[in-house]
Asker: 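Questions regarding the structure given below will be posed in turn.
Everything numeric in this text was worked out from a predicted model, so none of it was measured. Nothing fancy with the numbering, it's 1 onward along the sequence. Worth knowing before you read on, the calculation uses all heavy atoms, side chains too, and leaves out hydrogens, waters and symmetry mates.
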Amino acid sequence: FESHDRERLLELVHQLSPEDRYLLELRLGEEISYKEISPLLNIAEATARKRFQRALKKLQKLYVKEAVHERE
């Protein structure tokens, strides 16, 4: 990513809930496995994986929505 894209992505991440941000930080920033995340969040490993997938999907929707908005 170019620095502009990285800044834009960080702005979008801040629009997510604190729980989603924390999960993304653990998984992507800290590179912690789902197995290690599950006790931190007191949830099952499969639940951590699914929540991460949903958080990424939310981030993707925000990214697309912003891109469409910029084109208008």
Asker: Can you name the closest pair of heavy atoms from Ile37 and Ala48 and give their distance?
Answerer: CG2-CB, 4.1 Å

Asker: What's the verdict on side chain to side chain contact (heavy atoms under 4.5 Å, CB included) for Leu9 and Leu59, showing C-alpha distance, side-chain angles and the deciding distance?
Answerer: CA-CA 8 Å; Leu9 192 56; Leu59 186 58; 4.1 Å; yes

Asker: Taking only residues at least two apart or on different chains, which pairs with a member in residues 7-62 satisfy ring-ring contact (aromatic ring centres under 6.0 Å, His included)?
Answerer: Tyr34-Phe52

Asker: Just grab all the salt bridge (charged side-chain N to carboxylate O under 4.0 Å, His left out) pairs involving residues 20-44, residues at least two apart or on different chains.
Answerer: Asp20-Lys58

Asker: What is the distance from atom CG of Leu28 to atom CG of Leu56, rounded to the nearest 0.5 Å?
Answerer: 6.0 Å

Asker: Which residue pairs pass the salt bridge (charged side-chain N to carboxylate O under 4.0 Å, His left out) test when at least one of the two sits in residues 45-55, sequence neighbours left out?
Answerer: Glu45-Arg49

Asker: Any chance you could measure Leu26, atom CG, to Ser33, atom OG, to the nearest 0.5 Å?
Answerer: 10.5 Å

Asker: Using the side-chain contact (heavy atoms from CB on, under 4.5 Å) criterion, which residues pair with Glu19? Sequence neighbours excluded.
Answerer: Ser17

Asker: How long is the straight-line distance from CD1 of Ile43 back to CG of Leu23, given to the nearest 0.5 Å?
Answerer: 6.5 Å

Asker: Quick one: closest heavy-atom pair of Ser38 and Ala44, and the distance?
Answerer: CB-C, 3.7 Å

Asker: Under 4.5 Å side-chain heavy-atom separation, chaining through any Ile, Leu, Val, Met, Phe, Trp or Tyr, what else clusters with Val68? Say none if it is isolated.
Answerer: Val64

